[in-house]
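Notes to accompany the following structure.
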Amino acid sequence: MKGAYQFTKSNDLENFEVIDEEISMNFSPRHGTVIPITNKELKSLINKWGSPVDYPSLDNNPVLEGYYADPEIIYSHKTGKYYLYPTSDGFDHWSGDYFETFSSIDLKEWKNEGTILDLKKDVSWADRNAWAPCIIEKKIKGIYKYFYYFTAAQKIGVAVSDNPEGPFIDSGKALIDSQPAGTKGGQEIDWTCNKKLDN
């Protein structure tokens, strides 16, 4: 359109409405397209170049980039940080085989502390379906210990560390690997930690 872009919008890719009056640009590109960016990329661009006029403030959702489920969170008295322990998700048939943790000082910005328990390397009794963790910080004889309960292969286990970001050492066997007598169906999953046991 006279050497400039024509802007339109459509709900069905058949009928288009001209919306030139809604668009403001301070440059004259001749070719291009619109591409999506991640929340992380958006934050980097705003940090470098500032926010456009009237741009809404950024919320912090999602908290983590990527696929995660079953979040468990604690405040570590040892480090003075919050730690988020999710299921690493996004695998076919929920077949993840490792756990990660994320740390934060403000519950907004999260740092990936890496893998804290890898079923294939660190657990002898299960190597699949790493789900639904929970954790307890407990002070024992003046020393902080972290008890990390997790599901693996539809069994429940526990691993221990001196630090909330691990590494965690598995106990060597499942705590719960069978159903009570008379139970029909179901799986041994979704352990819940009683936080009243802390300290």
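Heavy-atom basis, side chains included; hydrogens, waters and symmetry copies ignored.
- Residue N11 qualifies as open at atom CG: its count of foreign heavy atoms under 6.0 Å is 12 or below.
- Here the side chains of Q154 and W131 are in contact, with some heavy-atom distance below 4.5 Å.
- The main-chain N or O of E41 is found under 3.5 Å from a side-chain atom of T38 such that the two form a donor-acceptor pair.
- Within the 4.5 Å cutoff, the side chain of L64 has heavy atoms near those of the P86 side chain.
- Looking at residues two or more places apart in sequence or on another chain, you find no salt bridge (charged side-chain N to carboxylate O under 4.0 Å, His left out) involving K111.
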Problem - Candidate pair W110 and L84, rule side chain to side chain contact (heavy atoms under 4.5 Å, CB included), full reasoning - result: CA-CA 9 Å; W110 293 90; L84 182 64; 3.7 Å; yes

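- Rounding to the nearest 0.5 angstrom, the gap separating the CG atom in D70 from the OG1 atom in T151 is 8.5 Å.
- The environment of CD1 in I105 is sparse: at most 12 heavy-atom neighbours from other residues, nucleotides or ligands sit within 6.0 Å.
- Looking at every heavy atom in both residues, K81 comes nearest to S103 through CD-CB, 4.2 Å.
- Every ring-ring contact (aromatic ring centres under 6.0 Å, His included) that F102 has, sequence neighbours left out, goes to Y68.
- Looking only at side-chain heavy atoms (C-beta outward), Y149 and L175 come within less than 4.5 Å of each other.
- Across all non-hydrogen atoms, the minimal contact from F16 to T8 is CD2-OG1, 3.5 Å.
- The distance from atom CG of N15 to atom CG of L13, rounded to the nearest 0.5 Å, is 10.0 Å.
- Applying the salt bridge (charged side-chain N to carboxylate O under 4.0 Å, His left out) test to every pair with at least one member in residues 147-165, sequence neighbours left out, gives these pairs: K145-D162.
- Side-chain contact check for I140 versus K138: some heavy-atom pair is nearer than 4.5 Å.
- Considering CD1 of I35 and CD1 of I37, their distance stands at 7.5 Å, rounded to 0.5 Å.
- For Y75, the ring-ring contact (aromatic ring centres under 6.0 Å, His included) criterion is met by H77, Y82, not counting sequence neighbours.
- Taking 4.5 Å as the limit, every side-chain heavy atom of V160 sits out of range of all side-chain heavy atoms of I169.
- Annotation for D12: atom CG counts as buried by contact number, over 12 foreign heavy atoms lying within 6.0 Å.
- Remark: Y85 engages Y148 in a ring-ring contact (aromatic ring centres under 6.0 Å, His included) (not counting sequence neighbours).
- Y146 and S76 form a side-chain donor-acceptor contact under 3.5 Å, judged by distance and modelled atom types alone.
- The closest side-chain heavy-atom distance from K48 to K43 is not below 4.5 Å.
- Residues meeting the side-chain hydrogen bond (donor to acceptor under 3.5 Å, both in side chains) test with S104, sequence neighbours left out: D106.
- D170 is not listed as a side-chain neighbour of D122, based on a closest heavy-atom distance of 4.5 Å or more.
- To the nearest 0.5 Å, atoms OG1 (T87) and CG (N129) are separated by 10.5 Å.
- Side-chain contact of E113 with T101: a donor-acceptor pair under 3.5 Å is absent, judged by distance alone.
- Here F91 is tied into one hydrophobic group with Y98, each link being a pair of ILVMFWY side chains closer than 4.5 Å.
- The salt bridge (charged side-chain N to carboxylate O under 4.0 Å, His left out) pairs that include a residue from residues 85-95 number zero, where partners must be two or more places apart or lie in different chains.
- Under the 3.5 Å distance criterion, the side-chain polar atoms of E22 are left unmatched by any main-chain donor or acceptor of I19.
- Rounded to the nearest 0.5 angstrom, I143 CD1 and K78 NZ are separated by 9.0 Å.
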Problem - Test log, rule side chain to side chain contact (heavy atoms under 4.5 Å, CB included), inputs I74 and I135 - result: CA-CA 7 Å; I74 64 165; I135 189 164; 3.4 Å; yes

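- Judged as a ring-ring contact (aromatic ring centres under 6.0 Å, His included), and not counting sequence neighbours, the contacts of W125 are F150.
- Taking the side-chain hydrogen bond (donor to acceptor under 3.5 Å, both in side chains) definition, one finds that S124 meets it with nothing, sequence neighbours left out.
- For N112, the side-chain hydrogen bond (donor to acceptor under 3.5 Å, both in side chains) partners at least two apart in sequence or on another chain are E100.
- Under the side-chain hydrogen bond (donor to acceptor under 3.5 Å, both in side chains) criterion, S161 pairs with no residue at all, not counting sequence neighbours.
- Between the D127 side chain and the L119 main chain, no donor and acceptor come within less than 3.5 Å of each other.
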